[in-house]
Amino acid sequence: MAINNKRRLLLAGAGAGGLAITAAAVIAQTQERVIKVVAKKFDFTPGEIRLKKNQPVTLEFTTLDVVMGFALPEFGLRADILPGTTARIRFTPDKVGQFPFHCDIFCGSGHESMTGTVIVS
Amino acid sequence: MDHAIKRRSFLKLAGLGGAIYVSGLSGWASAAATAGSAYQDFFFVQLSDTHWGFEGAPNPDAHGTLQKAVKAVNSLEQQPDFIVFTGDLTHTTDDPQERRKRLREFKEIVADLKVKDVRFMPGEHDASLDNGAAYQEFFGKTHYSFEHKGVHFIVLDNVSDPAGSIGEAQLAWLAAELQPLPADANIVVFTHRPLFDLYPQWDWATRDGAKAVELLMPHANVTVFYGHIHQEHHHMTGHIAHHAAKSLIFPLPAPGSQPKRTPLAWDDAYPYRGLGYREIEAEAAPKTDFKIVELPLQKG
């Protein structure tokens, strides 16, 4: 009897766990990733943005100082980043690889090194 | 014509034959074949990306390289008809007074050129942070045109907008410049950035450059000379040839050849390697062919 009760509890726990996992998976599929990217002379943070193929993502950009640009040419994406505002790009990467991005609004000596990489796996 | 023959002979005598680049691109290989034609040819010199004010390891002689280039051009056996600087005369600074100081110093140094017909244009380092305001105080308009011996030269500004656009107003000006020219007019365009998408991953492009190329496309004889990428490069968009010049401060890597567009390191064993300027010989009939002679900066 004691054994049966334990078994029932275990089964119930396992069932609940399974439901939780399923629910988490559903949420993961429906909740879109949002990645915040902060620009400042002459840096993007993070400098590496890791994404999953076919998983939609929204990139949210702010700048700490002057007007910046974000350009990701291999996906045909770009945004102006204005002080005091948030710029957003929503897209779904459809290819795997490493893709450079850069600031495309000249922002001073060091602008040329204001680059980063999107890594899609 | 004598001038043309004498000049070719000089280049051979000077041992520069190996440095002569005659493009295999369409319309570029007929210079030798036209030696017997009756016309007046000329040549000009292109210098680019001097970045006066730059300091750093990629050029330990940053304070002396520009003067060295002036001396080299002055030492040419024949002086060019004119000289053009295709932008980034100075290295950028956030300080407006320092920017003006650098522009003033640059202007004083190049005043030593024997040839006084010198054409300037800004690069993004000169003009992008103030939309060309300081540049214009020293050098005037950032886009303009001039005629020389049957060739229509057009200087386009694709840097005063920090986003690297030519802009609708200037494109309208370009259209108006081109409109009265016959379809076979000899046209040379000077720009700082490439008008085509060379490598947008490194910002080596002009955001609306395709619109300028579209305006130029109906004209049969158009050649573009530009700077910005600190290396020799040749490219065709349709029948229009585009030729990038070397820098006078530090060379940059070939497009996409390394993860970042960081300057190539100075090599004590080969000082000034990758730096240089060019002569462009215009041989003018019936259509202008251009022959490029790349010249290095020598130690000493």
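Just so we're on the same page: letters track the sequence lines, and every chain starts at 1.
Residue contact with chain B, scored on non-hydrogen atoms closer than 4.5 Å, involves the side chain of A:Glu74 exclusively. The contact between B:His125 and chain A is made by backbone and side chain atoms together, counting heavy-atom distances below 4.5 Å.
Here the side chains of B:Phe106 and B:Phe85 are in contact, with some heavy-atom distance below 4.5 Å.
To the nearest 0.5 Å, atoms CZ (B:Arg193) and CD1 (B:Ile229) are separated by 12.5 Å.
Taking the centre of each ring, B:Phe54 and B:Phe250 come in below the 6.0 Å mark. The ring of B:His243 has its center closer than 6.0 angstrom to the ring center of B:Phe225.
Side-chain N/O atoms of B:Thr90 and B:Asp126 include a donor and acceptor closer than 3.5 Å.
The interface of residues 201-214 of chain B with chain A, defined by heavy-atom distances below 4.5 Å, comprises B:Gln201, B:Trp202, B:Asp203, B:Arg207.
For the side-chain contact (heavy atoms from CB on, under 4.5 Å) test, residues two or more places apart in sequence or in another chain that qualify with B:Pro60 are B:Trp266.
Interface remark: of the candidates B:Thr92, B:Thr262, B:Asp161, B:Thr92 forms the most heavy-atom pairs closer than 4.5 Å to chain A.
Here the options are A:Lys52, A:Arg90, A:Arg88, the test is salt bridge (charged side-chain N to carboxylate O under 4.0 Å, His left out), and the partner is A:Glu32; only A:Arg90 passes.
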